[in-house]
Amino acid sequence: MSEQDVLNPKHMPHNPEKATLEGKNKFIGFWFFLGGESVLFASLFGTYLALNDSTNGGKGSEELFGLELVFIMTMLLLTSSLTSVYAMYHMKNNDFKKMMVWLGITVALGLGFLCFELYEFNHYIHEYEFTMRSSAFGSAFYTLVGFHGGHVVFGLLWFISLMVRNAKRGLNLYNAPKFYIASLYWHFIDVVWVFIFTVVYLMGVL
Amino acid sequence: MTDKVSETSQQFDYEKQKRKEEMKQQVITFALMIVFTLISFAMVLAELDRLFVIPVILVLAAVQVGFQLYYFMHMSHKGHELPALMFYGGVFAAFLTILALVVLVWW
Amino acid sequence: MKDWMGKIRTLSIFSFLVMVLTACGKNNLTALVPKGYGAEQSFNVIIISILVMIVVFIVVMAIYIYVVLKFRRKKGQENQIPKQTEGNKTLEVVWTVIPILLLIIIAVPTIASTYDLADEGEKEDSINVNVKGMQFWWNFEYANEEVQTSQELYIPVDQKVYLNMLSGDVIHAFWVPSISGKMDVSPENENTMYIEAFEEGVYWGKCTEFCGDSHSLMDFKIVVVSQEEYDQWIEGLKNTDPEYTAQSASAQEGQQLFNNNCISCHAIDASATNPVIAPNLADFGNRAMIAGVEHYSKEALVDWILNPGEIKPGNGMMEAPYLTDNAINEEDAEKIADFLMELKATDKPVESVEIFREEEGQGN
Amino acid sequence: MSTLVATNKKSFGATLWDYLTTVDHKKIAIMYLIAGGFFFLVGGLEALAIRWQLVQPMNDFVSAGFYNELITMHGTTMIFLAAMPLIFAFMNAVVPLQIGARDVAFPFLNSLGFWLFLFGGIMLNVGWFTGGAADAGWTAYAPLSTTSPGEGVDYYVLGLQISGAGTLMGGINFLVTIVNMRAPGMTYMRMPLFTWTAFVASALILFAFPALTVGLFLMMFDRLFGSGFFEANMGGNAVIWQHLFWIFGHPEVYILALPAFGVFSEIISTFSKKRLFGYTAMVFATVLIGFLGFMVWAHHMFTVGMGPAANSIFAVATMAIAVPTGIKIFNWLFTLWGGSIEINTPMLWALGFIPTFTLGGMTGVMVAAASADYQFHDTYFVVAHFHYVIVGGVVFALLAGLHYWWPKMFGTILDDKLGKITFWFFFIGFHLTFFIQHFLGLMGMPRRYWTYLENQGLDLGNLVSTIGAFLMGVGTIFLLINIVKTTMKNEKVGGDPWDARTLEWAIPSPPPFYNFKQLPLVRGLDPLWVEKTEGRKGMTPAEPIGDIHMPNNSFLPFVISVGLFIAGFGFIYQKNDLSWLTLVFIGMGIALGAMLTRSVKDDIGYHIHKEDLQKEAEES
Ligand code: HEA
Ligand code: HEA
Ligand SMILES: [Cu+2]
């Protein structure tokens with residue numbers, strides 16, 4: 001396959017993300033990376049669970065967390081997961097426009113999530129003076145949830161730069177794998193959030 | 001480099017149809033995920049017994065994650081054997097890590 | 001002439017003994033001559049595992065030497081191609097199953113003794129000592145007796161003593177190789193272990209968790225005494241007096257200096273209510289060593305008072321105001337030393353401490 | 001597009017630029033070799049200083065504080081900056097060739113991994129020059145590490161973080177390379193053992209390093225941003241660090257050991273002229289060791305106070321690893337059995353390895369017995385154990401591999417006589433140094449002791465140990481002489497100087513930058529040997545000559561690494577003065593900017609044309 005075929009393929013195959021060796025490498029490699037990421041988040045979850053009672057006399061999770069916000073955030077992120085599935089659906093159908101639209105929605109939902117998270121942190125810090133330095137619990141909370149938030153930020157930047165870069169030239173065999181693994185990343189962020197809202201928030205207020 | 005560019009449009013239409021079916025499934029999956037989430041939140045708000053609620057919401061979370069992996073991330077498709085193996089390898093190490101940090105840190 | 005021969009003979013016997021002993025290390029320090037319950041338990045497992053290992057090693061080496069000698073390429077065989085064997089199922093099974101069996105031989109006593117050494121069944125009815133490790137010294141509080149001491153822990157022979165250990169700063173570990181294996185002393189979790197010594201004597205204890213500059217000098221002693229001596233000693237500690245007045249003239253001056261410069265950190269009575277900032281000096285006059293590592297003498301003590309940082313780099317006393325302000329000269333230090341060496345819970349040290357002092361004094 | 005035959009000698013500047021931007025796994029291998037070798041000498045020098053301090057009781061060759069820096073940096077340097085990169089050197093040099101690939105899966109990431117490692121390594125060592133290196137042991141137990149004054153531990157944290165990221169990339173790269181890039185016919189069960197061990201080790205990297213990453217983050221937050229993970233006063237718990245460290249740390253020792261086993265499997269089979277005995281069992285044992293390696297980490301924490309149940313479980317799990325390792329030892333012995341054993345330098349290292357590693361493994365099982373470990377733990381017995389396995393296993397393997405693959409990497413061959421001299425000095429010195437440490441430990445000498453008192457019966461043992469260490473130093477100097485001599489002489493050897501068995505020997509030494517002109521058709525285990533026994537000279541190609549796709553060089557990996565390096569300083573010094581945060585922004589800006597450039601600039605590589613390849617074939 002020549003460079004020309006990769007950038008301007010005559011036909012798009014039905015799995016464009018895995019049509020080239022490079023694409024296949026990316027696809028496999030990214031899945032492996034997610035295996036490593038699981039250990040990363042497990043270490044953070046473990047640390048959080050070990051320290052979630054260590055409030056050092058300060059406020060604990062029952063007093064801090066409210067569920068309304070978390071519920072909205074969860075809905076936003078879950079929905080964004082579905083919209084990115086739609087985007088990939090259209091990618092496979094070689095419908096670039098629709099893919100971009102759905103990706104746009106995904107990004108918007110992700111941004112919404114992020115705003116709520118920032119609001120939440122800000123609220124804890126200013127209303128309750130609950131910070132990273134308050135107690136071991138505070139350190140663990142902000143680190144776990146913040147790491148996830150950091151992933152959201154990175155995922156959004158990734159989506160946006162892919163969209164901007166490829167807005168003019170459409171889908172090809174070179175960028176299809178990139179879109180595909182970015183969406184895998186996004187799903188993984190959602191996977192982590194499912195455990196965060198369960199373990200941190202729901203179990204926290206119980 | 002494997003070259004599968006030349007596919008007939010017939011094949012393409014067939015694939016397209018198949019994907020459409022699949023997309024329907026994924027929407028159902030999504031609906032289930034929302035339902036699970038609602039159940040979890042509701043159970044916590046209902047202030048049922050801790051010992052009952054915690055295992056249930058953990059199981060619901062695990063099932064949701066399974067949906068994400070198998071439907072949204074297509075792990076059920078073929079060609080995902082090695083990704084699944086390595087991912088579960090990570091999950092195994094992750095599980096041991098959490099177990100240890102929860103059980104062994106304070107005594 | 002004959003006398004001379006006899007001397008040589010005893011000398012050579014003696015030096016042979018010394019050699020055997022040094023092969024196992026210093027008598028009251030080595031883990032190879034267990035003198036306590038924990039050390040003995042560990043030692044048994046060590047012996048069992050060494051025996052297993054000897055068997056393994058002999059087998060491996062026998063095959064190894066055979067193949068290397070037998071199958072070395074000889075002149076003229078350069079182009080000979082050996083048979084390309086794929087493997088052998090029976091052999092694979094053999095060298096999987098036999099090691100498993102050997103490991104079971106080690107694992108069973110390991111598990112038994114691990115549980116045995118963690119047993120806290122007799123904790124309530126035994127002597128309990130709250131051990132506190134600090135950079136770079138040890139505090140021992142007798143929980144049932146409401147007294148505390150530092151650096152040298154007295155325990156009665158043949159009795160289980162439970163140690164409840166907590167650190168005041170970083171992680172340390174408590175190890176008295178001749179008497180028992182080690183356990184960490186951590187800042188957030190209290191660890192409990194028991195020790196039981198079989199023979200009276202003074203035993204070396206070492207800190208075995210890396211804890212900073214003077215980690216290698218954070219030594220302590222366990223003084224194993226008879227029940228009677230133990231009771232006397234505890235009684236003596238209880239009677240130590242914060243208002244003690246020194247006897248000799250120089251010591252009286254020393255006490256004055258001590259009160260001006262040292263008392264804010266060091267206590268001279270053993271009451272358990274004294275805050276644990278620096279070693280308690282109630283029984284200082286009976287110590288086996290100074291600062292855990294210097295042999296017991298006035299010179300050494302003076303040296304310590306004037307230059308604690310040279311003896312134990314990084315220790316807390318280096319920041320004492322009297323040092324930073326240069327408030328004390330050598331003469332003053334001598335007076336303080338006189339005073340400190342007067343502080344005793346019992347009239348004189350137990351016999352083994354005296355022997356210990358003598359031996360360590362010779363060493364230097 | 002590019003000239004295939006390097007006609008003229010390139011200028012120094014051009015060569016330098018070539019190496020700074022290369023994505024060729026063979027050149028990256030050479031860079032790993034040089035950097036890892038350099039750090040080995042640094043770590044060795046630190047070891048010699050340690051031993052010199054301990055030559056007699058109450059010695060004051062170095063101060064207590066400096067000694068602590070020495071041991072910390074010795075351990076850290078040797079493990080992260082010497083052993084790991086040297087293993088990566090061989091994995092890079094050999095794995096793609098062994099599986100018949102033209103390249104690795106992610107050439108760009110491969111280069112990024114190297115530069116991150118190098119800058120991380122430099123960062124770690126910067127502490128020496130700015131008021132003290134890390135001094136809390138290579139294990140950096142909190143709270144000693146979190147309360148250690150100065151910036152030493154910060155350099156440790158950030159240096160390891162940066163180089164750890166590089167290692168993780170390397171690991172993923174090798175996994176995907178081995179999964180996706182094997183030549184036709186190279187099934188999993190035909191892969192050479194070195195490739196298999198590289199595969200499993202890479203998987204261990206993937207699952208183990210994230211725990212370290214998190215641990216280092218937590219430590220960084222505690223030290224630099226006032227969080228309280230390990231701070232008892234804030235409700236924190238220092239044992240969390242120990243778990244995270246060892247969840248990483250124990251797999252790490254197998255990350256080192258498995259490729260070492262792979263090296264020996266290749267060498268023993270080649271120089272016995274026999275196929276590896278029990279290949280399937282060897283593969284199985286490799287995977288099993290990797291798997292079990294994740295379930296034993298707490299054997300480093302028997303004295304932490306986890307309770308008898310946890311101690312027993314971890315003790316038994318640990319002992320279980322002796323079984324697959326034993327399978328390996330016996331399979332090596334039976335590979336030798338009936339062979340035609342040629343004893344040259346690489347083989348000498350392999351033969352020295354078997355008894356040495358067995359001893360080290362046996363003491364490993366002894367320390368795994370929890371109740372016995374109450375005596376062994378944190379004494380010189382443990383120091384002896386791990387130097388037996390690490391030096392006797394890993395370093396021996398690296399030196400063996402160096403002599404074995406040198407011809408492939410450089411096209412010249414190291415002098416055998418000097419190689420044997422190196423071996424004997426190093427081998428004898430090694431056993432002198434470390435055998436006696438078993439007894440020192442049991443006689444009451446804890447590790448990480450700056451000094452020991454007089455009259456404790458420890459003098460003789462320490463003296464012997466120090467003498468041994470210097471003999472190892474002499475051996476190392478002979479190795480250096482050998483390298484210089486061989487390079488100066490520059491006598492070229494052919495593609496297959498050892499009459500070997502695996503694919504890397506089927507192509508010229510050093511290999512052309514595209515490795516295989518035509519991908520080889522693999523028809524069995526030991527593919528080259530298969531062809532040789534059927535009377536052919538080389539491999540049968542699996543494809544006609546065609547265009548070869550190659551990746552473009554790139555300077556971005558270097559730039560990204562420099563950016564992170566700069567940001568590292570900002571993070572460290574902002575704790576003293578917030579204006580240092582500008583460095584964080586500059587550094588991160590450079591790094592992220594370079595990453596963005598990478599992602600928006602199309603980089604599809606180029607092709608070597610069929611005609612050029614044919615022309616080249618005619619010329620030679
Ligand atoms: C390459 C590195 C490497 C390797 C391969 C190993 C291999 C093993 N290690 Fe080691 N270890 C380290 C590097 C390594 N270790 C390091 C660096 C430390 C210290 C870290 C620190 O604290 O700084 C350490 C510390 C360490 C400890 C902690 C000690 C302590 O701090 O108290 C323990 C405890 O269980 C242990 C056990 C083992 C075991 C059981 C093996 C097994 O894998 C060994 C298996 C091999 C054999 C057993 C030999 C061959 C087998 C046969 C011939 C079959 C028959 C044998 C029997 C039936 C016994 N190691
Ligand atoms: C891969 C790992 C590795 C390797 C190869 C080594 C190699 C050596 N190690 Fe090390 N060691 C560790 C890993 C390793 N070590 C670790 C992890 C620790 C624990 C640290 C801690 O407690 O935190 C440790 C601790 C440690 C201690 C214990 C310190 C203490 O607890 O107080 C000692 C003491 O003897 C020691 C000695 C040696 C020696 C003599 C060598 C020798 O084999 C070295 C041989 C190499 C040389 C002798 C090089 C010679 C160099 C030259 C000749 C220079 C030429 C120079 C130029 C041309 C510029 N090591
Ligand atoms: Cu280990």
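Because the structure is a prediction, the values reported are computed rather than measured. Naming convention: chains lettered A, B, ... in sequence-line order (proteins, then strands); numbering from 1 in each chain. Heavy-atom basis, side chains included; hydrogens, waters and symmetry copies ignored.
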Chain A contact via B/Q26 - side chain, backbone, both or neither, heavy atoms under 4.5 Å: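 Both backbone and side chain.
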Sidechain N-carboxylate O distance under 4.0 Å for A/K26, A/E17: no
B/L58, part contacting chain A, at a heavy-atom distance under 4.5 Å: both
Minimum-distance pair of heavy atoms, taken over all atoms of A/A176 and A/M91: O-SD, 3.7 Å
Short side-chain to backbone donor-acceptor contact, A/S81 and A/L77, under 3.5 Å: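 No.
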Under 4.5 Å from any heavy atom of chain B - which part of A/T79: both
A/K18 to A/F27, cation-pi by 6.0 Å centre distance and 45° axis angle: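 Yes, cation above the ring, under 6.0 Å and within 45°.
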Proximal component of A/S43, with respect to chain B [non-hydrogen, under 4.5 Å]: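 For A/S43, heavy atoms of backbone and side chain both lie under 4.5 Å from chain B.
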Step-by-step side chain to side chain donor-acceptor pair (under 3.5 Å) determination, A/E117 to A/H148: CA-CA 10 Å; A/E117 182 147 276; A/H148 176 265; 4.8 Å; no
Interface moiety of A/Y201 toward chain B, non-hydrogen atoms closer than 4.5 Å: neither
Option that, when pairs with chain B are counted at under 4.5 Å, heavy atom only, ranks first among A/T198, A/V199, A/N93, A/V192: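 The option with the most such pairs is A/N93.
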Nearest heavy atoms of A/S54 and B/W106, plus distance in Å: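 For A/S54 and B/W106, the tightest heavy-atom pair comes out as OG-CZ2, 3.8 Å.
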Part of A/V39 lying under 4.5 Å from any heavy atom of chain B: both
Parallel, tilted or perpendicular: ring planes of A/Y86 versus A/Y89, cut at 30 and 60 degrees: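 Perpendicular.
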Side-chain donor/acceptor of A/N166 to backbone N/O of A/R169, under 3.5 Å: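 Side chain of A/N166 to backbone of A/R169, a donor-acceptor pair under 3.5 Å: no, none is there.
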Region of A/F195 in contact with chain B, defined by heavy-atom distances below 4.5 Å: side chain
Region of A/F41 in contact with chain B, defined by heavy-atom distances below 4.5 Å: neither
Under 4.5 Å from any heavy atom of chain B - which part of A/S84: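 A/S84 has no heavy atom closer than 4.5 Å to chain B.
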Segment of B/M73 engaging chain A (4.5 angstrom heavy-atom cut-off):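 It is both, since atoms from each part get that close.
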Residue part contacting chain A, namely of B/T97, when any heavy atom lies under 4.5 Å: side chain
When B/M33, B/E47, B/M43, B/K20 are compared by non-hydrogen pairs under 4.5 Å with chain A, the top option: B/K20
Distance-minimising heavy-atom pair for A/L171 and A/F179: CD1-CD1, 4.1 Å
Under 4.5 Å from any heavy atom of chain B - which part of A/V70: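 Both the backbone and the side chain of A/V70 come within 4.5 Å of chain B.
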